[in-house]
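Working notes, beginning with the structure itself.
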Amino acid sequence: MSKFIIKRILVMIPVLLGVTFVIFTMMYFTDGNPAQLILGDMATEEQIHELEEEMGLNDPFFTRYLNYLSDLLHGDLGTSYVTGQPVAKEIMDRLPVTVRISFCCMIFAVAVGIPAGILSAVKQYSILDNLSMVLALVGISLPNFWLALMLVLVFSVGLGLLPPSGLYGFKYYILPVVSISASAVATITRMTRSSMLEVIRADYIRTARAKGQSENVVIFRHALLNALIPIITVVGLQFATTLSGTVVNEQIFAIPGLGKLMVDAIKARNYPVVQGGVFVLAFIFSILNLVIDLIYAFVDPRIRSQYVRKKNKRQAETDNRKEVPA
Amino acid sequence: MSVKNPDMRPELLQVKDLVIQYETSDGIVKAVNGVNFSLREGETLGLVGETGAGKTTTALGIMRLVPDPPGRIVSGQVFFEGKDLLKENKVQMRAHRGKDISMIFQDPMTSLNPVLTVGDQIAEVVRIHEKLSRADAIKRAAEMLQIVGIPAERMNEYPHQFSGGMKQRVVIAIALACSPKLIIADEPTTALDVTIQAQVLDLIHNIQQKYQTGMLMITHDLGVVAEICSKVAIMYAGYIVEYGSIEDIFEDPRHPYTKGLFGALPNLKKKVHRLSPIDGMMPDPANLPQGCPFEPRCPHRTESCTQKVPEGIEVTPGHMVRCICCAQGGGK
């Protein structure tokens, strides 16, 4: 098992390299001159040239990319053009807020989506099922920034119940979390329903009923445990999308998170911050994927034995090799 | 048969006029149409018929496990030790399942839960019905595994680590764990290869003999029936067309369908140039013929066969045939 984890961590290296290359290239070809932006409209041609030289903006593409990589390896994500602060520090200031929001979103999505999906599957074609499927369709279809604006309009402007922006307490979390996680709730509900429907018809569910087991245990112990794999996949993916999906909604709710930092940085051609932000997000994605794979193994003994069997096979092969000369 | 004076034993299971239908988009599928049979303690009844004849639905009906929707038990009675199972409430019914009546399913590959260890799955049924601690239930599970010929050390393994025959043994262990009075075996050997079939069949038969449980053996293999059953019911398109003791059916088959089944069997003693199959296909259960369900394929059909479904006629005591030829004294 530990061998599997190490292997997966090693696979992350080329993935992250690819990410840095793509984002660096995109930023390289983007319009706008950072030197000009830093110095402002009043700067002279000479001053700009001087600063360009100083920042290495005139170096060839690969030189700049390799410089960036070597800085990255030393844990240096660069310096923000706008504030002059290290990018790593700026990101670490903002990241906890985004992670906290995403985490709340996922807890909300799982707490609503999985029970709704189970209920839909168990009472298939009932009013409850139809209702939750319609709501799920709505949840998937509505863009989350639009939903955010509408929620603000109704609950803050109209009813005055909830604060429209900022992040100073529990109440402030409600609107962002609901608006960001709407599509996650919907996707998880639908996936839970279809996965449960498939499993509920399985022979081993009939076996469990034939044992005289109560319906609750049949559904939660026998069916849900088997239906969990696709649900976990979706939850993991939704977590990742939520992390990056907060970008626009952080803007709407004026939440000082990673999303807002990156949007501001893109507007200001603040390359190091954009690159750093994307890199950190990609890193979190990779870790999340690894965690999902490990949860698979925890839930499903067949997947677990695959990981272990590979190890045993290799063990057996080396044993055989040892035996041959003797 | 080893049973002496079988008629003296009390009645264990009695199915009366059981009707089960499935409501589908193509109309109502009449899967079981007024089935009658009975079983005494320690007796084995073979329920024989081709695929789609309604055998499994009958079995699920007894357990009240017919998937609803689309299935529905329309009418009839199922007496188990004198109590009508169809009138029991859900909790009472759950108390019967696995404890009084248990079922061995057709496909061992899919009838075990892939994410639970086999030990857990056996212990589960014990814990539902007997007030045992977890440790005692596990101990019982280990004993059950040994009874069906699997080393107890393997109880912490998962179903995917077992072969098909071994899985079927686990399913049997689950079925036997609470020493039920009636076992319903739904084609327990169909999914297994021939050598394993014999082993599993022997195992079931030995256990049934040892504990004197009643058994309803569902199969389409007349060889299996000859080996272990004392009574036989031949099922066709949801009807029991012939029903009697094993001697009645094997030595004196009356219904043209039963005769057709035997005609399609290879026989070592007789020299036959070709086996004679039954022409045609079983009728669509959503669209059964008005008269005798076997009429379209029957070599002896007459005009009156198409009029109405023939009643069951007792040709000799305990030997029922659903054919008008027999009513007219013909049939042979």
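A, B, ... follow the sequence lines: proteins, then strands. Residue 1 opens every chain.
Rounding to the nearest 0.5 Å places CG of B:Leu182 at 7.0 Å from CD1 of B:Ile62. The CD1 atom of B:Ile172 sits 5.0 Å away from the CG atom of B:Leu203 when rounded to the nearest 0.5 Å.
Per-residue heavy-atom pair counts under 4.5 Å with chain A were compared for B:Ser111, B:Pro159, B:Ala175, B:Pro180, and the maximum is reached by B:Ser111. For the options B:Gln106, B:Arg94, B:His96, heavy-atom pairs under 4.5 Å to chain A are most numerous at B:Arg94. Contact count versus chain A (heavy atoms, under 4.5 Å) is highest, among B:Gly98, B:Pro114, B:Ala177, for B:Pro114. Listed options B:Ile128, B:Asn113, B:Val125 were ranked by heavy-atom pairs under 4.5 angstrom with chain A; first place goes to B:Asn113. Most heavy-atom pairs under 4.5 Å with chain B: of the set A:Arg209, A:Gln213, A:Gln124, this distinction falls to A:Gln213. Each of A:Val299, A:Asp300, A:Thr207 has some count of heavy-atom pairs under 4.5 Å with chain B, and the biggest count is that of A:Thr207. Ranked by heavy-atom pairs shorter than 4.5 Å toward chain A, the options B:Ile184, B:Thr117, B:Thr110 are led by B:Thr110.
Using a 4.0 Å cut-off between a side-chain N of Lys or Arg and a carboxylate O of Asp or Glu, B:Glu124 and B:Arg127 do not qualify as a salt bridge.
At a 4.5 Å heavy-atom cutoff, the contact between B:Leu60 and chain A is made by side-chain atoms alone. Interface residue B:His129: only side-chain heavy atoms are found under 4.5 Å from chain A. With a 4.5 angstrom heavy-atom cutoff, A:Ala210 touches chain B via backbone and side-chain atoms both. Heavy-atom distances place the backbone of B:Leu112, and not its side chain, under 4.5 Å from chain A.
Pairs passing the side chain to side chain donor-acceptor pair (under 3.5 Å) check and including a residue from residues 129-144 of chain A, sequence neighbours excluded, read A:Ser120-A:Asp129, A:Ser120-A:Ser132, A:Asp129-A:Arg193.
A cation-pi arrangement, defined by a distance under 6.0 Å to the six-membered ring centre and an angle within 45 degrees of its axis, is present between B:Arg154 and B:Phe162.
Heavy-atom minimum distance, B:His160 versus A:Arg302: ND1-CG, 3.2 Å. Of all heavy-atom pairs spanning B:Gln168 and B:Pro188, the tightest one is NE2-O, 2.7 Å.
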Please lay out, stage by stage, how A:Tyr173 and A:Arg100 fare under the test side-chain hydrogen bond (donor to acceptor under 3.5 Å, both in side chains).
CA-CA 10 Å; A:Tyr173 279 90; A:Arg100 208 182 310 142; 2.8 Å; yes
